[in-house]
Amino acid sequence: METTISKTTAERPTLAWLRQNRGTLAVLVVLLLLPFIIAIIDGQSISSVLANESGNSKFFQGLLIEIFILGLFALSYDLLLGITGLLSLGHAMFFAVGGYLTGILIKSFGWGLVPTIAAVTVAAIVQALLFAVVLPRVKGLTFALVTLGFASVFHIVVQSREAAPFTGADVGLQGVVIPAFLDPVDQRLRVYFIALLITMVVYFLYQRFVDSPTGRVCIAIRENEDRALMLGYNTFQYKVIVLLISSLTAAFAGMLHTIHQPIVSPNIAGLGYMVIALLIILIGGVGTLSGALIGAAVFRLLDFFIDRWFGEAATFLLGVIYVLLVLFVPFGIVGTWRQHSSQFTHQIEAIIERLRPKKENPE
Amino acid sequence: MEWLLENRTRLLTLGILIVLFLLAISGMPAEEWVITALRGLALGALTFLVAAGLSIIFGLMDVLNLAHGELFMLGAYMGWTIYVRPDTVIDGATPFLLIASLLVLVPLLTRWVRSLTLPDLVDKIWPWVGLAAGIGLLVFALFQYPLSTWDLENYAQSPISNAIAFETGTFQSPPPAEFEASPVLVIGGVIVGSGLLALAAAGFSARQTTLRQPSPTQMRNIAIVSGGLFALAFVVLAINNPLTEFMLGLGSTPRFFIAMALASVTGALLGWTIEVTMIRPLYDRPIYQIMLTLGLGFIILELVRAVWGRPEFQMPRPAVFAGTGEGCPATSIGDLVQYQCATIEVLGGRVRMYNEVFIIIVGLLVLGAVALLLQRTRLGMIIRAGVQDSEMVEALGINVRQVFSQVFALGVGLAALGGVLAGPSLGLSNGMGARVLLLALIALAVGGLTSFSGAAAGAVLIGLLQQFIIKYGQIGINVPFMAEPFKPSPPLVPASSVLLMVVILLILPQGLFGRKE
Amino acid sequence: MSDDIILETYNVRKEFGALVAVADVSIRVVRGTLHSIIGPNGAGKTTFFNVVSGYLPATSGRIVYNGQDITQAPMHRRAHVGMGRSFQITNLFPNLTVLENIRLSHQAVGKNSFRLLRSHRRFGEHIDRADAIINRVGLTRYRDLPARTLAHGDQRKLELGMILAADPEMLLLDEPTAGMASDEVPELMALIQEIQAEGSKTVLLVEHNMNVVMNVSDMITVMHHGEVLAEGTPAEISSNETVQQAYLGNLYENLQEASDHA
Amino acid sequence: MLEVRDIHTYIGQFHVLEGVSLSVPKGSITALLGRNGAGKTTTLKTIMGITPPTQGEIVYDGQPIGGLPSFEIAQLGIGFVPEHRAIFRDLTVRENLRLAERNRGDFERKEDLIFNLFPDLKRLIRLRGTNLSGGQQQMLSVARALVPDNRLLLIDEPTEGLAPVIIEQLIEAIRQLSAETTVLLVEQNFLVAQTLAEYYVIVEEGQTVKHGMMADLAEDEETIHRYLGAA
């Protein structure tokens with residue numbers, strides 16, 4: 001990787017960028033064409049796809065949108081855990097704040113999309129700062145506990161009877177009227193392209209970030225935070241940046257979720273949803289970014305088919321699969337597939353080392 | 001003096017908490033705060049039963065067992081079943097014992113498997129084939145076994161009606177289950193299936209290069225245990241119906257205690273199994289242990305939902321704490337014993353015997369027992385030493401991994417006990433595990449993650465805080481410059497404890513009793 | 001005179017519970033010199049060093065760097081005022097390449113660390129500087145290997161390279177030769193001396209092996225049981241009887257006697 | 001007694017031992033020497049099974065022990081005295097000693113022996129480890145290894161950071177011990193090592209570079225200077 005620098009910098013930057021990302025770009029093209037391809041295979045006409053007529057194509061668009069949303073959610077979690085080595089157990093809150101806020105503002109206050117986006121941005125920043133406030137005091141597992149605490153409070157409040165007029169309590173937020181041009185039923189193809197676009201842009205931005213000087217420092221923090229401090233990096237600032245980016249991404253994923261599925265269930269604020277993010281990056285490979293997207297696809301399809309074949313028992317089976325993954329496939333698809341899988345193992349070790357509670361040492 | 005200085009933040013925090021508490025009770029009549037305090041203590045006791053296991057497990061093994069709450073819940077459901085539907089348990093005992101008796105044999109089989117010389121390919125493949133065949137046969141045979149739980153749709157409906165029937169005394173034991181297929185075939189299937197499973201397990205463990213050979217005494221013990229379980233399985237099968245009759249004929253009080261004991265033991269066994277099969281392979285990857293326990297909690301939750309259904313239901317109180325008729329509420333201990341009252345009068349208020357007295361007593365007993373275990377026994381010594389440096393304990397020649405399993409079993413056993421205990425007071429619901437886990441985690445964080453006494457103190461603190469806030473939700477707090485009294489609404493209760501945790505952790509990152517690093 | 005003092009400590013003390021690891025140590029390091037702290041194992045050198053570099057908070061006492069009180073300054077601040085330290089136990093970014101280890105160190109003192117969306121490769125000055133340092137410490141062959149795969153001695157060199165990359169005014173080196181093969185030691189010491197002389201940098205060196213520092217130091221502080229036992233030029237130290245005794249111990253005579261008796 | 005052949009060990013991600021070989025003859029004291037960070041402590045930990053070797057052989061009393069869990073290695077009669085006085089600080093002196101029992105009653109049998117060697121400990125028996133001074137902790141750490149019937153002791157830097165008087169006491173104790181037990185000793189202070197040991201092994205950069213009789217080494221100024229840096 002590092003040795004190719006001099007060569008690539010000689011090329012035109014855009015060309016070099018295209019060359020480096022040709023795999024991803026190919027996937028992007030396939031995904032752009034996919035609604036039509038499915039339609040053709042299925043014997044539907046292209047125009048019916050454009051008119052959002054129901055059929056397999058439309059159905060798979062819905063499924064893919066869900067994959068994109070999960071992918072964004074997992075991506076934001078991977079940035080925290082896989083790249084920076086921060087174990088937060090409150091990530092579901094990052095997502096649910098976006099989801100609920102969008103729904104409440106549109107439904108109860110009749111806000112338009114633009115002010116809603118602005119509000120979600122502010123909320124995402126606020127919650128990231130909330131996490132940042134506790135960050136310097138509590139490390140490793142205690143940080144995980146505190147974040148779990150925050151998320152639990154949020155989950156409790158959202159489900160409480162007092163908040164029912166806004167959140168719908170246990171039943172969830174229902175009847176959110178999405179602006180017509182984003183209607184998930186009538187304008188699914190548009191929503192599909194928007195979600196695809198957002199996902200791809202975020203993914204490229206994330207890659208950019210990890211490759212940037214700031215991102216490299218985050219990796220250094222994962223590898224050896226003390227040393228990074230000693231070099232003169234105020235690691236706290238970097239962790240705050242990562243929290244902000246992660247929170248923003250997750251909140252917007254939550255917003256997309258509300259747009260796509262105008263029912264917001266309190267489940268998305270629960271620990272279970274957080275486990276899904278973990279599961280996805282475990283499937284894909286911790287710390288790989290692309291693993292988050294691949295993992296999201298695998299997870300959603302797995303979920304879909306298990307649900308279709310086993311019905312009631314699906315969640316149970318997913319739990320079993322999760323446990324088996326933890327036990328036997330710790331590095332996920334991308335991690336196992338990558339040539340430098342030994343390098344990958346060591347990255348995981350670095351994260352583990354960060355979280356290992358420090359036993360007292362007299363020296 | 002030096003100690004005072006060193007711990008000034010800690011003392012200050014404690015002082016503020018005490019002042020707050022005094023302020024809190026100054027606004028209410030004596031009987032109210034006594035009852036509220038008792039309720040707080042009871043909730044603290046339940047939380048403690050979960051937090052105790054969590055803290056010892058975390059201290060010794062660095063495993064934060066996030067499935068602990070769900071195990072508490074599973075304990076409650078198991079206890080309920082033994083208490084209200086002993087027939088289910090007795091029916092299930094035979095296949096369970098049969099499977100266990102064969103799995104116990106794994107170390108012996110491993111020894112035998114190692115002595116075999118097989119062609120390479122066969123050697124690689126056969127355990128997998130055995131595993132698949134074993135599981136397949138076992139599942140097939142088990143579904144043929146007449147268990148009322150197999151009829152999930154019906155069974156999952158039954159708890160509510162059963163609970164009501166039980167309360168009103170109209171409970172009728174379901175008709176004894178009958179084999180549809182040939183019993184010999186079904187039982188044979190279970191035996192062969194679990195035998196294959198055991199063989200496969202032996203095949204896998206034989207692959208480990210450094211394997212400890214069991215000593216002759218150990219081998220003899222294994223054989224005896226296995227034989228005993230096997231025989232017991234058939235004894236239970238033979239006396240199935242009379243045993244069920246007997247259990248249902250017992251008074252609710254002895255049955256409740258049996259339920260407590262059995263659920264704890266089963267919980268401990270389950271904990272041991274989890275540690276050996278799932279946690280142990282992950283000691284090199286601690287973060288994966290957390291992930292694993294998260295997933296495990298998920299599985300247990302789904303299991304409970306499938307078997308016992310989603311709706312909440314009550315666990316009837318044992319008769320000794322349920323008297324309401326003549327002489328009740330009791331005004332003296334004598335009356336209490338005589339009429340087995342559900343409530344007793346204290347300072348003019350009514351205190352519920354089960355909810356506010358019995359639970360606290362059990363909590364105190366467990367606290368005492370665990371403290372004794374830690375302070376007075378060799379196992380406790382190993383645990384205390386291991387919390388500091390388990391590597392060195394092992395270097396002294398102590399099999400720490402074995403202690404890990406025991407501690408995990410102990411922790412899960414305590415959680416299960418807590419679950420049964422909580423049943424009659426809090427009721428049984430799918431959410432009880434997550435709620436208690438949150439409380440226990442807060443208690444742990446507040447008390448200092450690895451400190452046992454910290455877990456106890458944290459649990460009591462959280463319990464009291466919750467109950468006092470609930471109380472104030474009812475009567476309202478007079479806030480200066482506000483006309484209306486401020487009434488905290490119910491969601492503030494769990495939220496308030498979380499806030500307490502965050503505040504304490506921000507002041508004292510090591511918790512109240514944790515050691516500074 | 002006082003202008004020449006770059007680092008001064010006043011009664012620095014560090015306790016671990018009941019254990020007093022560093023007992024009121026006051027030293028002055030003159031700008032542009034190579035100052036060594038030596039002492040037998042367990043004398044408190046490394047602890048003192050950790051306090052000075054901010055890795056551990058002092059129990060009491062004051063540390064002044066360039067006229068600035070830095071007793072309370074966090075580690076990353078100390079790097080920015082011009083202190084760079086090495087660790088006794090190899091302390092690198094194990095999965096990052098040699099180049100990246102050094103590049104990160106150089107980036108830390110630059111202004112580009114908060115560029116979120118441009119590839120780090122666009123900031124060529126860091127890479128160029130890192131390459132120069134890799135050459136300097138003789139690790140060119142290993143430039144693109146993960147740090148953990150290097151041999152021990154090479155990791156020590158990388159450690160030194162990382163400090164150099166930050167271009168500090170003062171280098172704090174904690175046993176830079178620890179675990180190195182003995183024939184490599186003089187080479188490394190020569191390199192350190194060279195770096196110090198060229199950039200007229202100040203070096204504070206901790207070492208338990210007296211021989212290593214004798215030839216290169218301008219000034220030596222001897223620590224023993226957490227206290228300063230003696231201070232002076234190498235010549236003064238080598239002729240100081242107390243030092244000889246602390247190092248070799250009157251122990252030696254006693255032991256000799258004991259074995260004679262036995 | 002103990003044969004170590006070409007062991008390699010990783011700690012986390014770092015290759016720390018890159019081929020250490022040594023042999024400890026029965027009934028002797030062998031000193032493991034080398035500069036800071038050379039891999040001495042890791043060698044002991046590897047023998048003890050705490051950081052298992054990735055390759056190489058360790059044979060104790062004719063039995064290969066490489067890769068065994070450390071409690072089994074200990075049960076074969078190997079006692080470990082780690083560096084930095086790693087006693088259990090929350091346990092009392094008595095509990096620390098009791099914990100080391102391998103069979104019930106070990107402590108009672110060895111009580112006299114231990115208190116003869118370290119009379120101080122008898123007085124401190126009820127105190128918690130935290131309240132002991134450094135020297136007392138070190139004595140406890142050595143005493144702990146004496147409770148069971150160990151035939152080989154691995155002692156890591158017993159004199160580090162201790163006052164000379166205490167060092168003398170310890171040396172005396174180790175000398176007495178070696179009458180019955182084989183000792184592998186890691187020691188920074190060359191003079192201590194020299195007075196105690198019959199054999200030496202020098203490691204550097206995780207490899208054995210030299211070994212032989214202590215008496216020969218004492219006269220080999222160049223080797224001492226080169227590898228150990230002692231005057």
Side-chain angles (χ1 to χ4, degrees), chain A residues 1-9 13 16-17 20 136 204-238 241-242 244-245 287 340 342-351 353 360-363, chain C residues 16-17 19 21 42 46-47 50 53-55 74-87 91-101 103-110 112-124 126-127 143-144 146-148 159 162-163 165-166 168:
Chain A
M1 284 286 280
E2 308 276 354
T3 43
T4 58
I5 306 159
S6 43
K7 277 178 233 155
T8 48
T9 38
W17 185 81
Q20 268 170 14
F204 281 122
L205 288 180
Y206 265 53
Q207 280 205 324
R208 233 40 226 287
F209 173 75
V210 171
D211 198 43
S212 75
T214 318
R216 304 305 281 189
V217 179
C218 294
I219 293 176
I221 290 173
R222 175 190 75 199
E223 293 291 323
N224 189 342
E225 182 170 358
D226 274 345
R227 186 65 213 231
L229 268 173
M230 211 57 237
L231 287 182
Y233 291 112
N234 184 352
T235 55
F236 173 67
Q237 291 172 352
Y238 293 86
I241 292 177
V242 165
L244 279 170
I245 297 176
H340 301 289
S342 70
Q343 173 73 17
F344 192 78
T345 341
H346 291 300
Q347 280 182 20
I348 301 270
E349 272 174 29
I351 300 177
E353 210 45 53
E360 290 169 79
N361 203 336
E363 198 63 19
Chain C
F16 296 103
L19 182 80
T46 294
T47 309
N50 280 334
S53 62
Y55 194 72
M75 273 199 277
H76 61 88
R77 275 270 319 284
R78 297 188 198 214
H80 284 288
V81 296
M83 292 166 83
R85 81 160 279 192
S86 78
F87 289 79
N91 197 346
L92 309 163
F93 302 114
N95 296 315
L96 305 183
T97 61
V98 168
L99 174 70
E100 187 64 7
N101 267 283
R103 199 194 62 77
L104 273 167
S105 175
H106 187 246
Q107 182 190 308
V109 290
N112 296 319
S113 291
F114 288 101
R115 303 293 284 265
L116 270 61
L117 290 175
R118 294 192 69 186
S119 169
H120 65 279
R121 298 192 191 86
R122 299 250 170 273
F123 302 96
H126 301 311
I127 296 174
R143 179 180 183 266
D144 296 316
R148 80 185 127 75
E159 184 85 47
M162 285 173 78
I163 313 173

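Residue numbering restarts at 1 for every chain, and letters A, B, ... go by the order of the sequence lines.
Taking chain A as the reference chain and counting heavy-atom pairs below 4.5 Å, the highest number among C:Pro74, C:Gly84, C:Gly54, C:Ser105 is found for C:Ser105.
Residues A:Leu231 and C:Gln107 form no side-chain contact, since every pair of their non-hydrogen atoms from C-beta on lies 4.5 Å or further apart.
Nearest heavy atoms, A:Gly232 versus C:Ala79: CA-CB, 3.3 Å.
Atom CG of A:Asn234 sits about 11.0 Å away from atom CE of C:Met75, to the nearest 0.5 Å. How far CE of A:Met230 is from CE of C:Met83: 7.0 Å, rounded to the nearest 0.5 Å. Remark: A:Arg227 CZ to C:Met162 CE distance equals 4.0 Å, nearest 0.5 Å.
In this structure, the side chain of A:Tyr233 engages the main chain of C:Leu104 through a donor-acceptor pair within 3.5 Å. Remark: side-chain polar atoms of A:Asn224 are not paired, donor with acceptor, to backbone N or O of C:Phe93 under 3.5 angstrom.
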